[in-house]
Each structure stands twice: as C-alpha cells, then as structure tokens.
Amino acid sequence: MLNFFRRSALMVKIFFVVLLALMSLSLVITLIPGMTGITTDASGIEVVAEVGGEPITSWQVQQGVLQMGRNNQVPSEMLWLYTDQVLDQMIMEKAVVLEAERMGLRVTEDDLRRRLRMIQELFPGGKFVGQQQYEDMVLSRFGTSVEEFETRFRNGLLRERLRQVVTDSIGVSPEEIHAAFVRDNEKLVLQYVFLEPAAFRSAVAATDAALQEYYQSNASRYQLPEQRRAKILLIESQKVRDSVSVTDAEMQKYYQDHIENYRVPERVAVRHILFRATDKEPEKLAQARQKAADVMQRLKAGRTFEQLAAEFSEDTANAMQGGDLGWIVRGQTVPNFENVAFR
C-alpha cells in the first residue's frame with residue numbers, strides 16, 4: 001500500500017480521508033448533548049464520548065478547556081466557547097492513537113525516556129531535576145499527575161509515528177518538482193490599457209429594463225450567504241453583585257416562588273481509592289485485593305485517606321485530590337459502589 005502513495009503527495013489527503021472513514025466504521029463514538037459550560041463539581045462527571053470502547057469524561061474535557069485557557073490566556077468567561085473544539089480534538093487524538101496501535105505501532109519505555117531527556121527543564125545539563133520537582137512541574141503546568149502526563153506524551157509520540165508512516169513513504173520525482181516550479185513561477189507578458197470608468201459613465205445610459213435583464217442573467221453574483229448580526233455584552237459579575245442590594249424579604253419570596261429549584265435528591269459525599277481489575281483477570285484481581293488490604297492496614301495505622309489515595313489510587317482523575325468524587329446521587333455509580341456509599 002505504501003508504494004502506492006509514492007506517486008503523488010495528493011494521495012496523502014486521500015489516505016487520511018480513507019483512514020478516517022475506516023476508523024468511523026471500527027470505532028464507536030457516542031456524544032451526549034448539553035455538554036456546555038465549565039464546572040468544578042466532581043459530581044457532574046459523566047461520559048460525553050466513547051472512542052473504541054474508551055470513555056472521554058466531562059471532567060477530562062473541562063481540564064482540557066482550562067488548559068487551553070491557561071496556554072492561550074483566554075478570559076474565563078469565554079472558556080465555554082471552546083468546549084466543542086476541545087472535545088473534537090480529544091476524540092480525534094484517541095482515534096488516531098487507536099489506529100496507530102491497530103497498525104502495530106508502539107512506544108516503549110526507552111522511547112519515552114529518550115524523548116523526555118530532550119526537555120531541557122527536566123534534564124538541565126543532562127541531569128534529572130528529581131522526581132519531586134518533576135511531579136510539581138507537571139502538576140503546576142498541566143494540572144495532572146506524572147502518570148497521566150506520560151500517557152499523554154506517549155500518545156503524542158504514537159500520533160507522530162503514524163504521521164511518519166504516511167509522509168516518509170512519499171517520494172517526489174524530478175518531473176513533479178519541475179511541474180510545481182513552473183506552476184508557481186511561470187509568468188506571462190501582458191499588454192493592457194487602463195480605462196477610468198468615470199470618464200465613460202456620462203456616455204452610457206442604462207435603462208431599468210436593461211438593469212433588470214442584467215440582474216436576472218447574473219443573479220448568482222448577488223447572492224449573499226446567511227448572516228447574523230450579534231452584539232456581545234460582557235458583565236463583570238462581582239461589580240454587579242456589589243451594586244445590587246437584596247433584602248431578606250425579597251430572598252425569602254424568591255425562594256418560596258422557586259422552591260422546586262432547590263430540592264435535591266438523596267446524596268452522599270465520597271472519596272475512593274481505585275484498583276483496576278475484573279473477574280476476567282483473576283491474577284490481577286487477587287493483586288488488587290492484596291493492595292486494598294495493605295492500604296486498609298496503613299489507614300488503620302494512622303495514615304490519612306487523602307494521603308493513601310494520592311499514593312496508591314489508580315484513578316488519575318482525582319487521586320491528587322485525595323480520591324474525592326464529591327457528591328453522588330443514586331443511579332450515578334455501579335450498584336456495588338452505590339450500596340456501600342449509601343449504607
């Protein structure tokens with residue numbers, strides 16, 4: 001197949017179109033509408049997309065949006081506008097990574113370490129800054145753990161290798177180079193006469209019938225695309241709050257008139273320490289049970305739950321927050337987890 005692409009660089013575009021079409025057949029992508037806005041409430045975590053069986057959660061999208069805001073200095077009031085863009089990018093990145101893995105492309109630990117060594121801030125003078133400073137740097141810049149950062153870095157290398165598989169196989173013949181040079185540089189020698197329209201306007205008489213006929217014959221030139229006129233008003237919420245005075249009676253009346261908005265279902269605030277294993281992996285499941293027992297002993301010995309979650313939990317989304325899932329309601333988690341949490 002790769003030899004086929006050597007004939008023309010144009011085939012690269014065709015390859016990516018076919019590649020995306022194949023991925024659309026082999027990958028299941030499910031979007032949940034209404035994923036707009038930014039929230040820090042962990043109870044709002046939900047799966048908003050699924051690529052090849054791998055979920056993308058609202059929390060991951062929100063972290064991506066916040067990271068974009070930090071990188072591009074986007075005002076916090078405007079961050080929600082980038083939600084769809086970040087989600088589309090995450091879907092495409094996951095799809096490309098899955099396709100690279102399907103093609104047999106791999107990034108080993110040695111490959112990862114070699115590329116990390118090229119980051120001057122991590123290896124100034126060729127010497128590692130230390131694990132603690134490494135973790136602090138990743139957390140401050142990307143808001144994530146080292147494990148999650150290295151996973152993203154590894155996926156980036158995979159995407160790079162997939163691009164290389166396509167682009168490195170392209171050859172350009174001398175004839176193609178010559179044709180491109182002629183296309184970009186060939187020029188014509190023209191002779192022309194410059195006419196000033198104003199000098200001839202008085203000698204031309206255009207009747208309404210002639211104008212109408214011309215318009216009918218060239219109607220497509222006068223068609224305009226659908227347009228919208230918009231005005232945007234940005235309001236600094238704190239200044240508005242400072243300028244508004246609300247009495248206790250007004251607040252009480254508003255509450256009584258909108259009391260249904262303040263009803264909340266039964267809920268509990270939970271933290272968890274996650275070990276990943278399934279019944280289909282008996283050895284891994286046994287190891288997970290042993291890890292859980294060891295962590296329980298450490299907890300009984302006086303270690304805090306938050307410390308143990310940050311050290312041992314495999315849920316990278318909230319391990320650094322002490323395993324905090326925030327508030328959950330019934331039906332939000334798997335039955336076994338729910339039964340224990342609400343008991």
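Throughout, numbering of the chain's residues begins at 1 and tracks the sequence.
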*With sequence neighbours excluded, residues passing salt bridge (Lys or Arg N to Asp or Glu O under 4.0 Å) with Arg117*: none
*Can you tell me if Arg106 uses its side chain to pair, donor with acceptor, with the backbone of Glu101 under 3.5 Å?*
yes
*So, the side chain of Lys187 versus the backbone of Asn185: is there a donor-acceptor pair under 3.5 Å, distance only?*
yes
*Look at the side-chain heavy atoms of Ile, Leu, Val, Met, Phe, Trp and Tyr, link any pair under 4.5 Å apart, and say whether Met320 and Phe149 land in one connected group.*
no
Let me have the donor-acceptor pairs involving side chains of residues 213-220, under 3.5 Å, with sequence neighbours excluded, atom names and distances please.
unit_1, atom_1, unit_2, atom_2, d
Tyr214, OH, Arg221, NH1, 2.8
Ser217, OG, Glu213, O, 3.0
Asn218, ND2, Tyr214, O, 2.8

*Is the closest side-chain heavy-atom distance between Val129 and Pro124 below 4.5 Å?*
yes
_Set of residues satisfying side chain to side chain contact (heavy atoms under 4.5 Å, CB included) with respect to Thr108, sequence neighbours excluded_ = Asp110, Asp111
*asked:* Is there a path of hydrophobic side-chain contacts, each under 4.5 Å between heavy atoms, that joins Val340 and Ile273?
replied: no
*With the 4.5 Å side-chain cut-off for hydrophobic clustering, are Phe305 and Val268 part of the same group?*
no
*Residue pairs involving residues 104-128 (criterion ring pair (Phe, Tyr, Trp, His ring centres under 6.0 Å); sequence neighbours excluded)*: Phe123-Phe128, Phe128-Tyr134
*Do Leu139 and Phe312 belong to the same hydrophobic cluster, where Ile, Leu, Val, Met, Phe, Trp and Tyr are linked whenever their side-chain heavy atoms lie under 4.5 Å apart, directly or via other members?*
no
*For Gln332 and Val329, indicate whether the former's side chain and the latter's backbone hold a donor-acceptor pair under 3.5 Å.*
yes
*With side chains defined as the heavy atoms from C-beta onward, is the minimum distance between Thr207 and Leu211 less than 4.5 Å?*
no
_Inter- and intrachain pairs under side-chain hydrogen bond (donor to acceptor under 3.5 Å, both in side chains), touching residues 249-262, at least two apart_ = Thr247-Glu250, Lys253-Asp257, Glu260-Arg263
*At what distance, to the nearest 0.5 angstrom, does OG1 of Thr57 lie from CD of Glu46?*
9.5 Å
*Got a sec, which hydrophobics cluster with Leu233, joining ILVMFWY side chains under 4.5 Å apart, including via others?*
Ile235, Val240, Val244, Val246, Met251
*Within residues 332-341 or reaching into it, pairs that qualify as salt bridge (Lys or Arg N to Asp or Glu O under 4.0 Å) - sequence neighbours excluded*: Arg330-Glu338
*At what distance, to the nearest 0.5 angstrom, does CD of Gln131 lie from CD of Gln133?*
11.0 Å
_Nearest-0.5 Å distance, CH2 of residue Trp327 to CD of residue Glu266_ = 11.0 Å
For residues 291-302, which side-chain donor-acceptor pairs fall under 3.5 Å, sequence neighbours excluded?
unit_1, atom_1, unit_2, atom_2, d
Asp294, OD1, Gln290, NE2, 3.0

*Could you check if a side-chain atom of Phe337 sits within less than 4.5 angstrom of a side-chain atom of Val270, using non-hydrogen atoms only?*
yes
*Looking at Arg115 and Glu150, does any basic side-chain N land under 4.0 Å from a carboxylate oxygen?*
no
Review item, side-chain donor-acceptor pairs of residues 189-200, under 3.5 Å, at least two apart:
none

*Partner residues of Glu147 under the salt bridge (Lys or Arg N to Asp or Glu O under 4.0 Å) criterion, sequence neighbours left out*: none
*Kindly indicate, with the supporting measurements, whether the criterion side-chain contact (heavy atoms from CB on, under 4.5 Å) is fulfilled by Val48 and Val61.*
CA-CA 9 Å; Val48 296; Val61 176; 4.0 Å; yes
*Please report the shortest heavy-atom distance between Gly323 and Ala309, naming the atom on each side.*
N-CB, 3.6 Å
_Could you measure the distance from the CD atom of Glu50 to the CD1 atom of Ile91? Nearest 0.5 Å is fine._
11.0 Å
*Assess whether atom CG of Asp248 is packed by more than 12 heavy atoms of other residues, nucleotides or ligands within 6.0 Å.*
no
*Quick one: side chain to side chain contact (heavy atoms under 4.5 Å, CB included) partners of Glu186, sequence neighbours excluded?*
Val182
*Just by distance, with hydrogens left out, do Asp315 and Asn318 show a side-chain donor and acceptor under 3.5 Å apart?*
yes
*Under 3.5 Å, is there a donor-acceptor pair linking the side chains of Gln307 and Thr304?*
yes
*What do you reckon, is CD of Glu226 surrounded by more than 12 foreign heavy atoms closer than 6.0 Å?*
no
*Apply side-chain contact (heavy atoms from CB on, under 4.5 Å) to Arg271 and Leu325, showing your working.*
CA-CA 6 Å; Arg271 296 178 183 268; Leu325 293 179; over 6 Å; no
*Give the C-alpha distance, both sets of side-chain angles, the deciding distance and a yes or no for side-chain hydrogen bond (donor to acceptor under 3.5 Å, both in side chains) between Asp242 and Gln238.*
CA-CA 6 Å; Asp242 294 342; Gln238 188 57 49; 3.0 Å; yes
_Step-by-step side-chain hydrogen bond (donor to acceptor under 3.5 Å, both in side chains) determination, Gln89 to Glu93_ = CA-CA 6 Å; Gln89 180 179 344; Glu93 289 177 355; 3.0 Å; yes
*Go through the steps to decide whether Glu109 and Arg154 satisfy the test side-chain contact (heavy atoms from CB on, under 4.5 Å), and finish with yes or no.*
CA-CA 9 Å; Glu109 286 296 319; Arg154 182 181 286 105; 2.6 Å; yes
*More than 12 heavy atoms of other groups within 6.0 Å of Arg289 CZ*: no
*Under a 4.5 Å side-chain heavy-atom rule over Ile, Leu, Val, Met, Phe, Trp and Tyr, are Phe275 and Leu285 clustered together?*
no
*How long is the span from the CG atom in Leu157 to the CG atom in Leu105, to the nearest 0.5 Å?*
11.5 Å
*asked:* I need the full list of salt bridge (Lys or Arg N to Asp or Glu O under 4.0 Å) pairs touching residues 120-131, with sequence neighbours left out, sorted by first then second residue.
replied: Glu121-Arg141
_Backbone of Thr316 reached by a side-chain donor or acceptor of Glu148 within 3.5 Å_ = no
_Ignoring hydrogens, what is the shortest heavy-atom contact between Ser145 and Val138? Give both atom names and the distance._
O-CG1, 3.7 Å
